[in-house]
Number of protein chains: 2
Amino acid sequence: MRFNQATDYAFRTIFYLSRQEPNEIVEAKQIAEKENIPIRFLLKTVRLLTQAGIVNSYRGLKGGYALAKDPKDITLRDIVEAVEGPVLINKCLGDPKECSKDAASWCPVRRALYRVQQAANKELGKYTFNDLIKIYETECKKQ
Amino acid sequence: MRFNQATDYAFRTIFYLSRQEPNEIVEAKQIAEKENIPIRFLLKTVRLLTQAGIVNSYRGLKGGYALAKDPKDITLRDIVEAVEGPVLINKCLGDPKECSKDAASWCPVRRALYRVQQAANKELGKYTFNDLIKIYETECKKQ
DNA sequence: CAATTTTATACCTTTTTGGTATATTTATAT
DNA sequence: ATATAAATATACCAAAAAGGTATAAAATTG
């Protein structure tokens with residue numbers, strides 16, 4: 001049970017943009033170099049973030065990407081959902097018909113897993129990129 | 001971010017065994033039929049559960065599987081860890097060297113994700129198979 | 001010893017993942 | 001206008017993981 005590489009890159013991309021001046025446009029190349037992300041893959045992934053309204057994109061010379069929102073209004077959950085879609089920790093939680101026993105409607109395992117999923121979503125929704133900057137300042141930067 | 005099919009089958013296998021008389025031996029064929037699980041795949045998966053000490057296996061005529069513990073002492077987390085290994089929601093949480101930026105030691109994204117992972121584990125550890133039987137009795141059976 | 005059950009190992013096919021390539025569109029600066 | 005530089009759209013590809021199957025061996029019972 002793991003987030004995929006694209007999501008990891010997206011986290012770092014948004015964290016990088018969060019540390020720039022508000023509305024500062026940064027080109028993909030710069031993000032890719034600073035964050036050590038394959039540029040082609042980054043370009044593809046960032047498109048999901050623009051489609052989700054998390055970043056704005058600008059084409060042409062002097063183009064690039066900038067956050068579409070304040071970092072305090074972007075959570076880890078937003079990124080996950082933009083890149084991978086909603087967290088569904090078991091097949092049957094996406095589509096009840098996926099249960100090979102066709103028991104989703106009354107299955108207690110499913111009910112418990114649903115609560116685990118809710119807890120995970122809640123926790124993912126807790127952390128904004130503003131929080132991450134604060135964590136960085138207080139726990140990381142001094143080292 | 002999803003548990004795999006083997007884990008799902010394992011949840012249902014343990015739930016099935018939890019509803020038998022204590023120490024009752026049930027053969028794989030019966031579990032597979034009742035739970036609609038491909039038998040070969042089930043046999044392979046259950047081996048992980050025996051290796052983890054969650055079920056006992058008995059070979060030969062009248063052989064099969066029985067729980068090695070009381071259902072009140074088996075949690076969803078135990079099953080997940082037996083089948084998939086520990087929950088690691090991002091690569092870098094397993095091995096810090098997996099970070100393509102080699103930034104794991106100070107990365108605030110990683111720190112936040114670690115907390116999310118802890119929350120997920122905590123919640124998974126909350127539900128025992130005794131709880132699931134109770135959920136079944138109170139929320140499901142009457143329907 | 002024969003029948004039945006799990007175990008061990010290996011294999012196979014399909015899907016997902018991670019990444020790349022090419023051509024196109026948009027915007028800027030000269 | 002035109003050359004340049006950026007994102008976009010589409011398609012493609014290889015490697016890994018997922019999901020499942022097959023066969024032979026080992027253990028247990030009657």
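Chain naming here is simple, since letters A, B, ... match the order of the sequence lines and numbering starts at 1 in each. Heavy atoms only: backbone and side chains are in, while hydrogens, waters and symmetry mates are out.
- Atom CZ in B/Arg40 sits roughly 8 Å away from atom P in D/dT23 (whole-Å rounding).
- Listed candidates were D/dT8, C/dG18, D/dG19. Nearest to the side chain of A/Leu43 is D/dT8.
- Separating the CD atom of A/Gln51 from the P atom of D/dA9 is a distance of 7 Å, rounded to the nearest angstrom.
- Ring orientation note: the planes of A/Phe129 and A/Phe15 are tilted relative to one another, at an angle of 30° to 60°.
- A/Glu27 and A/Tyr65 form no side-chain donor-acceptor contact under 3.5 Å, judged by distance and modelled atom types alone.
- Checked by distance alone, B/Lys62 brings no side-chain donor or acceptor within 3.5 Å of a matching partner on the base of D/dG30.
- Between B/Lys91 and B/Asp95 no salt bridge is recorded (no basic side-chain N to carboxylate O distance below 4.0 Å).
- For the pair B/Glu84 CD and D/dA17 P, the interatomic distance rounds to 13 Å; values are reported in whole Å.
- Counting only heavy atoms from C-beta on, A/Thr50 has its side chain closest to D/dT8 among C/dT6, D/dT8, C/dT20.
- Checking B/Ile39 against A/Phe41, the closest nucleotide of DNA chain C that is more toward the 5' end is the one next to B/Ile39.
- Where A/Tyr65 and A/Lys44 each meet DNA chain D at their nearest nucleotide, the meeting point lying more 5' is that of A/Tyr65.
- Under 4.0 Å is where a charged nitrogen must lie from a carboxylate oxygen, and between B/Glu139 and A/Arg110 no such pair does.
- At whole-Å resolution of the value, CD in A/Gln30 and P in D/dA6 are 11 Å apart.
- Rounded to whole Å, atom P of D/dA7 lies 14 Å from atom CG of A/Leu49.
- Residue B/Ser57 has no polar side-chain atom (N or O) positioned under 4.0 Å from OP1 or OP2 of C/dT5.
- No donor-acceptor contact under 3.5 Å links the side chain of A/Arg59 to the base of C/dT24.
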The test is salt bridge (charged side-chain N to carboxylate O under 4.0 Å, His left out); show your working for A/Glu123 and B/Arg115 and say whether it passes.
CA-CA 8 Å; A/Glu123 197 71 11; B/Arg115 294 174 202 179; over 6 Å; no

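- We find that CE of A/Met1 is positioned 17 Å from C1' of D/dA17, with the value rounded to whole Å.
- Taking 4.0 angstrom as the limit, A/Tyr9 places a side-chain polar atom (N or O) nearer than this to OP1 or OP2 of C/dG19.
- One atom, CG of A/Leu42, and another, P of C/dG19, lie 11 Å apart when rounded to the nearest Å.
- When each of A/Leu61 and A/Asn4 is assigned the nucleotide of DNA chain C bearing its nearest heavy atom, the one mapping closer to the 5' terminus is A/Asn4.
- Counting to the nearest Å, the C1' atom of C/dG18 and the CZ atom of A/Phe3 are 18 Å from each other.
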